[in-house]
Amino acid sequence: MTGKPPHRGGPGRSRTGPGGPSSGRFARARTGPRTTARDAAERAGGGRDLGDAAPWGDDEAAAPRPRPAAKTGPAPARTSAKPPAARAAGPRGGAPAGRQAPGKGLSGKSPARKISAGKSSAGIGSAPKNPGAGDRGGQADTGRAPGRSARPDRPRPEPAAGPTRRELREATATAFATGVQTLEVMADEAGMRIDRFLSARFPQLPFARIQSLVRKGELRVNGKRAKAADRVEPGASVRVPPLKLEPRPTGPAPAHPGSARHESDLVFLRSLILYEDQDMMVLNKPFGLAVQGGSGTTRHVDGLLEAMRGEDGQKPRLVHRLDKDTAGCLIVAKTRLAAATLAKTFRSRAARKIYWALAAGVPRVRQGRISTYLAKEESGEADARMRVAKHGDEGASHALTYYAVVDQAGQKLSWLSLKPVTGRTHQLRAHAAHIGHPLIGDPKYFDIENWELPGGLQNRLHLLARRIVIPHPRTAKPIDVTAPLPPHMAQSWNLLGLDASRYDPIVEAPES
């Protein structure tokens, strides 16, 4: 004998009210364990209620749940053949102990309840979402037998802290690396080169592999082939082929936080800072320190910046370069958005740079303009010597430099102040050699025969990125930073009697 199924307005409700004649039916004798998919999953999980499983940790799942006592009700008492896993997953809250909710059977479930696929809150053996408060529509009670004291629920441990941004990025990269994927460019990634964009998204992928993907045309941006120098725009769709990520070394990294080298690199970088705020910093790059790695270069500024990587995984980024033997102001962005803004500033030539140099001889024209085309002598080498080319030559780019003679030491040496308008490779060194006054200590462009270096001067490149003025990436206010003379140039200035506080006429040169 059965009644009408409950109304769809809520669990355990009928048209005649909770507990009415049509709100339930007599419990059917059970002859064996239920074999639903949920029961099978719970038995496989050791009796855990899988609906409460934490996605990133097993702290809560490991806590044992209190087993409900035997239930009493209008139906004759009997021993259920329900397996232990199913009994442990019974209801946890409802009416006070010792009472049986009307219209319930021995199992404490609402009779004739329809179960929809995918809704675990109404599934058989699942716990209510709010076990502490009473059921609003005839939920099951605690079902404890009279005379047995109610055992308070054990306090749940605090959920484990979620993964950091760096862990999420690496986990996502690893999970998606097995097939073709499409990445969307975020707003703070705008203006990045496509190869730098992939390097930031997949830090485990070798940069040589990224360049190979771009060169072979396997990388597509908005459905089109991309070049390594192409810049990505917000919202662009980047299609990436299947990748094979190299696992990170399991041993301690050279600059691992807490290691001696990490602390040493951090102290060294801090000693170089000329200006710093929350968005950017300006370093005083010393002579002989490369900005980026290359063949045979193991120590460089980009590698040292790993010591400044934050807890969120962000590492300070380079936005321009200096030659290895050039000292002075080097700008580093501390956030991705600042890097994109500063890189755009350099591309638009809104940054003003002044260099100091010591040159052989004294130019007859004390203030002048050098405008040529420059091209690499050997296109295959990254640090190849630049040559003066003609307009239309392969790989030739226009280069413009203003110069002024600040002071001189007889006719042997001159102190030059240089303002580059463009930013070509070796531009100042090639232009100084082009006008017949190469820079002292330049191993690539100094080509004067039978010229002897004055005594006391070191045979090192005498070129300093003296001053830089650039709009702040967030406030747009100008940041004006000046670097001191490096030790070998300071020694030369002292020996030659040059005054570093002397007025620099290059400030009057045009900006373009």
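Computed from heavy atoms alone, side chains included, the values below leave out hydrogens, waters and symmetry copies.
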Review point. Going through the checks in order, is the salt bridge (Lys or Arg N to Asp or Glu O under 4.0 Å) test met by Asp442 and Lys444?
Key: CA-CA 6 Å; Asp442 192 339; Lys444 283 185 178 291; over 6 Å; no
Check your understanding: Got a second to check how far Gln427's CD is from Tyr355's OH, nearest 0.5 Å?
Key -> 9.0 Å
Study note, to complete from the structure: Heavy atoms of Pro443 and Gly441 approach each other most closely as CD-O, 3.2 Å
Check your understanding: Within 45° of the ring axis of Phe346 and under 6.0 Å from its six-membered ring centre, is that where the NZ or CZ of Arg321 lies?
Key -> no
**Study point:** Side-chain heavy-atom pair Pro505, Gln367 within 4.5 angstrom cut-off
**Key:** yes
Exercise for review: Provide the full list of salt bridge (Lys or Arg N to Asp or Glu O under 4.0 Å) pairs with a residue in residues 212-227, sequence neighbours left out, each pair given once.
Suggested key: none
Review point. Do Ser264 side-chain atoms and Ala260 backbone N/O form a donor-acceptor pair below 3.5 Å?
Key: no
**Study point:** Under 3.5 Å: donor-acceptor pair, side chain of Thr341, backbone of Leu337
**Key:** yes
Check your understanding: To the nearest 0.5 Å, how far apart are CZ in Phe446 and CD1 in Ile448?
Key -> 4.5 Å
**Study point:** Side-chain (Arg466) to main-chain (Ala483) donor-acceptor, under 3.5 angstrom
**Key:** yes
Review point. When rounded to the nearest 0.5 angstrom, what is the spacing between CG in Leu289 and CG in Leu272?
Key: 7.5 Å
Check your understanding: Would you say Pro478 and His472 make side-chain contact, with heavy atoms under 4.5 Å?
Key -> no
Point to revise | Exercise: identify the closest heavy-atom pair between Leu342 and Pro471 | key: CD2-O, 4.1 Å
Practice item. Could you tell me whether the side chain of His426 and the main chain of Met386 form a donor-acceptor pair under 3.5 Å? Key: no
Check your understanding: Backbone N or O of Ile331 within a donor-acceptor pair of the His320 side chain at under 3.5 Å?
Key -> yes
**Study point:** Taking every non-hydrogen atom, the tightest pair across Lys285 and Lys324
**Key:** NZ-O, 3.0 Å
Practice item. Identify the heavy atoms of Pro286 and Phe268 that sit nearest to each other, and give their distance. Key: CG-CZ, 4.2 Å
Review point. Would you say the side-chain atoms of Asp277 pair up with the backbone N or O of Met280, donor to acceptor, closer than 3.5 Å?
Key: yes
Exercise for review: May I ask you to test the Val240-Leu219 pair for a side-chain heavy-atom distance under 4.5 Å?
Suggested key: yes
Point to revise | Test salt bridge (charged side-chain N to carboxylate O under 4.0 Å, His left out) applied to Glu276 - qualifying residues, sequence neighbours left out | key: Arg270, Lys334
Review point. Atom CG of Leu428 and atom CG of Leu439: how far apart are they, to the nearest 0.5 Å?
Key: 7.5 Å
Exercise for review: State, yes or no, whether a side-chain contact exists between Ile194 and Val238 at a heavy-atom distance under 4.5 Å.
Suggested key: yes
Check your understanding: Can a salt bridge be assigned to the pair Asp480 and Arg467 using a cut-off of 4.0 Å between side-chain N and carboxylate O?
Key -> yes
Point to revise | Audit row: Asp325, Arg429, salt bridge (Lys or Arg N to Asp or Glu O under 4.0 Å) steps and yes/no | key: CA-CA 11 Å; Asp325 292 341; Arg429 298 161 62 183; 5.8 Å; no
Review point. Out of curiosity, Leu496 CG to Leu457 CG, how far, rounded to the nearest 0.5 Å?
Key: 5.5 Å
Review point. For His398 and Ser371, does a side-chain donor sit closer than 3.5 Å to a side-chain acceptor?
Key: yes
Practice item. Enter the distance from Met489:CE to Leu498:CG here, rounded to the nearest 0.5 Å. Key: 9.5 Å
Exercise for review: For atom NZ of Lys315, decide whether the heavy atoms of other residues, nucleotides or ligands shown that lie under 6.0 angstrom number more than 12.
Suggested key: yes
Exercise for review: Measure from the side-chain N and O atoms of Lys419 to the backbone N and O of Ala509, and report whether any donor-acceptor pair falls under 3.5 Å.
Suggested key: yes
Review point. Hey, are the side chains of Arg460 and Phe287 touching, using non-hydrogen atoms and a 4.5 Å cut-off?
Key: yes
Review point. Just wondering, do Tyr373 and Arg424 contact through their side chains at under 4.5 Å, heavy atoms?
Key: no
Check your understanding: Which pair of heavy atoms, one from Ile440 and one from Ala360, lies closest together, and at what distance?
Key -> CD1-N, 4.0 Å
Practice item. In sequence, state the C-alpha distance, the side-chain angles, and the governing distance for Ile479 and Val481, and then conclude on side chain to side chain contact (heavy atoms under 4.5 Å, CB included). Key: CA-CA 6 Å; Ile479 302 298; Val481 183; 3.8 Å; yes
**Study point:** Polar side-chain atom of Arg352 near backbone of Arg349 as donor-acceptor pair, under 3.5 Å
**Key:** yes
Check your understanding: Applying side-chain hydrogen bond (donor to acceptor under 3.5 Å, both in side chains), which residue pairs with at least one partner in residues 482-506 are found, sequence neighbours left out?
Key -> Trp356-Asp504, Ser417-Asp504, Gln458-Gln491, His462-Ser492, Asp499-Ser501, Tyr503-Glu508
Study note, to complete from the structure: Heavy-atom nearest pair, Cys329 first then Ile468, reads CB-CG2, 3.9 Å
Check your understanding: For Glu511, does the CD atom sit with more than 12 other heavy atoms under 6.0 Å from it, leaving out its own atoms?
Key -> yes
Review point. Would you say the side-chain atoms of Thr422 pair up with the backbone N or O of Leu400, donor to acceptor, closer than 3.5 Å?
Key: yes
**Study point:** Side-chain heavy atoms of Leu330 within contact of Leu318, under 4.5 Å
**Key:** yes
Exercise for review: Would you check, one step at a time, whether the test side chain to side chain donor-acceptor pair (under 3.5 Å) holds for Thr372 with His434?
Suggested key: CA-CA 9 Å; Thr372 66; His434 175 65; 5.8 Å; no
Check your understanding: Are Glu377 and Arg387 within salt-bridge range, i.e. N to O under 4.0 Å?
Key -> no
Point to revise | Residue pair Leu418 / Tyr402, side-chain heavy-atom distance below 4.5 Å | key: no
Check your understanding: Between Asn222 (side chain) and Ser237 (backbone), is there a donor-acceptor pair under 3.5 Å?
Key -> yes
